[in-house]
Amino acid sequence: MEPGGDHAVADAPREKCGVVGVSLADRAAARPLYYALYALQHRGQESAGIVTHDGFQQHSHVERGLVGDAFDEDDLASLSGHTGIGHVRYPTAGSLDKSCAQPFSVSFKSGSLGLSHNGNLVNADEVRTDLEAVGHAFTSDGDTEVIAHDLARNLLEEDLVRAVKHTMNRIHGSYSLTIAHDDTVLGVRDPLGNRPLCLGELEDGYVIASESAAIDTLDGELIRDVRPGELVVLEPDGSGYDTYQLVDSGSTAHCFFEHVYFARPDSVIDDHLVYEVRRDLGAKLWEESGVEADVVMPVPDSGRAFAAGYADAANETTAAGEPRADDDDGVEFAEGLMKNRYVGRTFIMPTQDERERAVRLKLNPIRSTVEGKSVTIIDDSIVRGTTSTQLVDLVREAGAEEVHLRIGAPPIVAPCYFGIDMATRDELIAADRSVAEIREAVAADSLAYLSIDAIAETLDASRTDLCLGCVTGEYPFDVEEEATDRAVDRPSIDDVPADD
Ligand code: AMP
């Protein structure tokens, strides 16, 4: 079997999703949840859903499509109650049908449960098989339902905190969850903190969300990130919250790609403002591999902050690292590529031909910016190489004399199993090519990527605090057929003291 080939995790939906939960004093939760989902729309466009609880019963509305299309006034009015959770989803594999849309909700003997999940479990099949053996019936092939059933089962016998702890010890992989147990809203982050999750205060309650931009949208204040292995329980009346450090793994595996590409630049993740991270990475890109050129231009929108940091650094020092002389004009930072905002992400085009067409539809060079000039194009990442190949070609056609490419991430050599929908391994241009070969393939005059060390330094982290799976091929979780970069310790359920 090829690495990354036919095994459970590779086939499971790799969900890049957004989650949110709110608990308010005496205001309906539906509309704030709806606004928060709008703020998280970039994390998933396939379906959107909200589950609320009015103190007596649970209400749910889950629909395919964008947030703005998934709800109308009547839907929001029907979602009564002051507490609830929400979800936006974009799966890349697995079933696209509505049974996988979230929040997943279920009613059982001791109440109702709603679950929103961002991430991917590595042992969902194993847990599902065990639960099926004791009579649980599943309606979807997603791993979120597995978490819901395991938790529902534990809740029959123990209190909420212990039940969550047992479930956390049973499931392995990446998960940031918001959970509604009747009218109690919880937030849970996996023991390595792979996907982001943060806690915020509103005027009349509290919010837990994938990204702080959602808290800003609700006029709230970010309190802090939810810690890896931590459970946050919001009071149903919005008056406060309790936290429990349920699992202490002693290390982290924060996804660096959230900072590079996925998260909004205005979000603060694990104490770092994403925009500043991207600017710093851009400056490091200049220090590591700057090339003198007339114009520096970003690939909008993902390359913007990188290009700004790169150009600022380039106007301070030369590519050789010397201070610029007073009569040295340095480089010009220019918006040389215009983006058509109405074209969906190139990624969702199913064939290579359509992906290429989509790049041309999406981006168009401004001739006067590039004509007769040496140009450096800055993007955050190269995945399949489609965007870079097309852009180098377009910019040359528009009259550029030299086209250099600088990338704000290391080469992506392996798939992501934990929440970002990258391509499969054989689609990744860097999976089996050197940088020189990639430069040739995209036909740039020069190409350089950022180093892994620059990423770790900018995030004030050591390599082993980060999930670098897509750039090293070594993962923080135990993925079948893949290498791991750490000792994977999986405590069994029996290791959890009953009275702990
Ligand atoms: P590609 O054209 O396949 O090389 O993809 C690279 C472009 O897609 C870059 O402009 C990135 O900003 C963007 N990109 C990187 N990762 C992703 C992702 N997971 N989903 C969608 N787009 C992405």
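Both counts, for ligands and for their atoms, begin at 1 and track the order of listing. All of these numbers come straight from a predicted model, not from anything done at the bench.
The nearest non-hydrogen atom to atom 9 (C) of ligand 1, considering only T387, D301, D379, comes from D379.
Contacts of S302 with ligand 1, taken as heavy-atom pairs under 4.0 Å, involve the side chain alone. If you look at V383 next to ligand 1, the close heavy atoms, those under 4.0 Å, come from the backbone and the side chain alike.
Shown here for L192 and S249, the closest heavy-atom pair between the two residues is CD2-OG, 3.5 Å.
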Mind running ring-ring contact (aromatic ring centres under 6.0 Å, His included) on H172 and F477 for me, showing each step along the way? CA-CA 8 Å; H172 301 290; F477 303 100; 8.9 Å; no
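Residue contacts with ligand 1: R384 is placed with a nitrogen or oxygen under 3.5 Å of a nitrogen or oxygen of the ligand (distance criterion only). Checked against a 3.5 angstrom limit, the closest N/O atoms of V299 and ligand 1 fall outside it.
In this structure, D75 has no salt bridge (charged side-chain N to carboxylate O under 4.0 Å, His left out) partners at least two apart in sequence or on a different chain. For A319, the side-chain contact (heavy atoms from CB on, under 4.5 Å) criterion is met by W286, E292, not counting sequence neighbours.
Proximity of G385 to ligand 1 is established by a heavy-atom distance of less than 4.0 Å. Look at F257 and you'll find a heavy atom under 4.0 Å from some atom of ligand 1.
In summary, D270 and R189 engage in a salt bridge, as defined by a charged side-chain N under 4.0 Å from a carboxylate O. The pair R278-D380 does not count as a salt bridge, with every side-chain nitrogen at least 4.0 angstrom from each carboxylate oxygen.
Proximity to D380 (heavy-atom distance under 4.0 Å) selects the following atoms of ligand 1: 9 (C), 11 (C), 12 (O). For ligand 1, the atoms lying closer than 4.0 Å to a non-hydrogen atom of I382 are 4 (O). Of all atoms in ligand 1, listed by their number and element, those nearer than 4.0 Å to a heavy atom of I420 are 19 (N).
S451 and D453 are not linked by any side-chain donor-acceptor pair at a separation below 3.5 angstrom, with hydrogens and angles left out of the test.
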